[in-house]
Amino acid sequence: QADVGNTIRVLDSYPLDKYFDISQRLLDAFQKAVDGRRLDEAYVYGLRFAAFGLESLPKHKEYRLQTTRYNKQKRRNAIQVEKVISMMEIIKQRMDAEECVLQEKRRAQEEEEAERQRELELEEQKTMKEQQRKLELQKKKEDDMKSKNVEQSAMTKLLAMQSKISAPKQQSSDEHHFSASKKPANIESSETPPSERQITDNTATQSGEHGE
């Protein structure tokens, strides 16, 4: 029944003085929260205190009795309730203002986070493009190397084929040149030029005349 965290039921069998003590405890919790600038907590305790003083306490039979026994406590409770309600209006305004500030902060943080996310995405895209460019350059380099190797291989094969084709021709040409260079020498050795034959004939004629 004295737990300020729950709704408090007022029973006629429970002394009214004890309920005024509970009311004071709610008021002290409210004031402590206000002093600590815990506005949400102060607002909750203020609502409980005001509802308890305005709705719950008047239901107690001793509170309703037309006696002067509790007049002082009743007046004090009424004044405290009015004061707390006035303070709660200020608290509500401050809470609304703080909520606006918090919303602005959250909005700014969300925008900052969104901007940071966009920057990360742009950086990732830039990195991916750079990696793609490097891969394309590497691929082009490899393709150029393969093409160059193919051209060198084809050139090597072509030179080899040309070498094989030209080797028999060179050998045949060398043999023909060798035969041609030997053949005139044989002819010159076997045949006497006309001028030499004439000299020989004249020499033989003169020798015959001298013998006669």
Side-chain angles (χ1 to χ4, degrees), residues 1-140:
Q1 290 176 338
D3 188 358
V4 296
N6 300 317
T7 302
I8 302 172
R9 293 179 58 191
V10 174
L11 301 176
D12 291 337
S13 59
Y14 198 73
L16 184 59
D17 289 334
K18 298 296 183 182
Y19 285 113
F20 278 119
D21 291 340
I22 293 173
S23 178
Q24 187 61 43
R25 289 173 59 186
L26 286 171
L27 180 62
D28 292 341
F30 167 79
Q31 192 62 51
K32 186 177 180 180
V34 171
D35 293 341
R37 308 183 72 84
R38 300 187 301 275
L39 300 184
D40 290 343
E41 185 179 339
Y43 193 80
V44 171
Y45 278 119
L47 283 177
R48 289 177 182 173
F49 173 77
F52 186 69
L54 293 175
E55 298 175 3
S56 299
L57 282 177
K59 293 178 181 180
H60 198 281
K61 69 177 182 178
E62 292 184 3
Y63 192 94
R64 297 193 303 268
L65 291 175
Q66 300 299 323
T67 62
T68 60
R69 178 180 177 183
Y70 296 106
N71 285 346
K72 182 178 179 180
Q73 292 169 301
K74 288 179 181 179
R75 280 196 304 272
R76 185 179 67 181
N77 181 74
I79 293 172
Q80 290 173 339
V81 168
E82 185 178 356
K83 182 179 179 181
V84 167
I85 290 175
S86 298
M87 292 180 65
M88 287 175 60
E89 291 177 358
I90 298 174
I91 290 173
K92 183 67 167 59
Q93 293 175 0
R94 291 182 179 178
M95 289 173 61
D96 292 341
E98 288 187 357
E99 182 63 25
C100 290
V101 172
L102 289 175
Q103 288 180 357
E104 287 295 327
K105 287 183 178 180
R106 284 195 292 267
R107 187 179 300 109
Q109 290 176 351
E110 290 174 356
E111 291 177 356
E112 183 179 352
E113 182 64 26
E115 181 64 23
R116 188 182 300 112
Q117 186 65 30
R118 284 193 294 269
E119 290 178 356
L120 289 175
E121 291 177 355
L122 290 174
E123 187 65 25
E124 289 178 358
Q125 292 177 1
K126 182 179 178 181
T127 301
M128 291 178 64
K129 288 181 179 179
E130 182 65 20
Q131 292 178 349
Q132 184 66 25
R133 187 183 69 84
K134 289 182 179 179
L135 288 175
E136 290 176 356
L137 289 175
Q138 182 65 25
K139 186 175 183 299
K140 184 177 183 302

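Sequence positions, counted from 1, serve as the residue numbers for this chain.
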Please indicate whether Glu82 has more than 12 foreign heavy atoms, meaning atoms of other residues, nucleotides or ligands, lying under 6.0 Å from its CD.
no
With salt bridge (charged side-chain N to carboxylate O under 4.0 Å, His left out) as the criterion, how do Arg107 and Glu110 come out once you've worked through the C-alpha distance, each side chain's angles and the decisive distance to 0.1 Å?
CA-CA 5 Å; Arg107 187 179 300 109; Glu110 290 174 356; over 6 Å; no
Can you see which heavy atom on Gly46 is nearest to which on Met88, and at what distance?
C-SD, 3.4 Å
How long is the straight-line distance from CG of Leu11 back to CG of Leu16, given to the nearest 0.5 Å?
12.0 Å
Regarding Lys139 and Glu136, does a basic nitrogen lie under 4.0 Å from an acidic carboxylate oxygen?
no
Nearest 0.5 angstrom please: Arg25 CZ to Tyr45 OH, how far?
9.5 Å
Taking Arg106 as the fixed residue, which of Glu113, Glu111, Glu99 is the one that meets the salt bridge (charged side-chain N to carboxylate O under 4.0 Å, His left out) rule?
Glu99
Would you name the heavy atoms of Gly53 and Pro58 that are closest together and state the gap between them?
O-CD, 3.6 Å
Rounded distance (nearest 0.5 Å) linking atom CD of Glu98 with atom NZ of Lys105
9.0 Å
List the steps, then state whether side-chain contact (heavy atoms from CB on, under 4.5 Å) holds for Gln31 with Met87.
CA-CA 10 Å; Gln31 192 62 51; Met87 292 180 65; 4.3 Å; yes
Taking the side chain as C-beta and beyond, is there a heavy-atom pair between Lys32 and Asp35 under 4.5 Å?
no
Check residues 71-78 and write down every donor-acceptor pair under 3.5 Å in which the side-chain atom is one partner and the other belongs to a residue at least two apart or another chain.
residue: Lys74; atom: NZ; partner: Tyr63; partner atom: O; Å: 2.5
residue: Asn77; atom: OD1; partner: Ser23; partner atom: OG; Å: 3.3

If you apply the rule side-chain contact (heavy atoms from CB on, under 4.5 Å), what do you find for Val101 with Glu104, and how did you get there?
CA-CA 5 Å; Val101 172; Glu104 287 295 327; 5.6 Å; no
For the pair Glu121 and Arg118, find out whether any cationic side-chain nitrogen is under 4.0 Å from an anionic carboxylate oxygen.
no
Could you list the residues that satisfy side chain to side chain donor-acceptor pair (under 3.5 Å) with Glu124, not counting sequence neighbours?
none
Is His60 reaching over with its side chain to a backbone N or O of Tyr14, donor-acceptor style, under 3.5 angstrom?
yes
Pick one: which of Lys92, Gln93, Arg94 meets side-chain hydrogen bond (donor to acceptor under 3.5 Å, both in side chains) with Asp96?
Lys92
Identify whether the distance between the nearest side-chain nitrogen and carboxylate oxygen of Glu112 and Arg116 falls below 4.0 Å.
yes
Search all heavy atoms of Ser56 against all heavy atoms of Val10 and return the closest pair with its distance.
O-CG2, 3.4 Å
What heavy-atom pair brings Leu39 and Ile91 nearest, and what distance separates the two atoms?
O-CG2, 3.8 Å
Nearest 0.5 Å, what's the CZ-OH distance between Arg64 and Tyr70?
13.0 Å
The reported gap from CZ in Arg69 to CG in Asp17 (rounded to nearest 0.5 angstrom) is 5.5 Å
Roughly how far, to the nearest 0.5 Å, is the NZ atom of Lys61 from the CG atom of Asp12?
5.5 Å
Where do Phe20 and Leu57 come nearest, in terms of heavy atoms and distance?
CE2-CD1, 3.9 Å
Side-chain heavy-atom pair Phe30, Glu41 within 4.5 angstrom cut-off
no
Over all atoms of both residues, closest heavy-atom pair of Ala50 and Ile85
CB-CG1, 4.1 Å
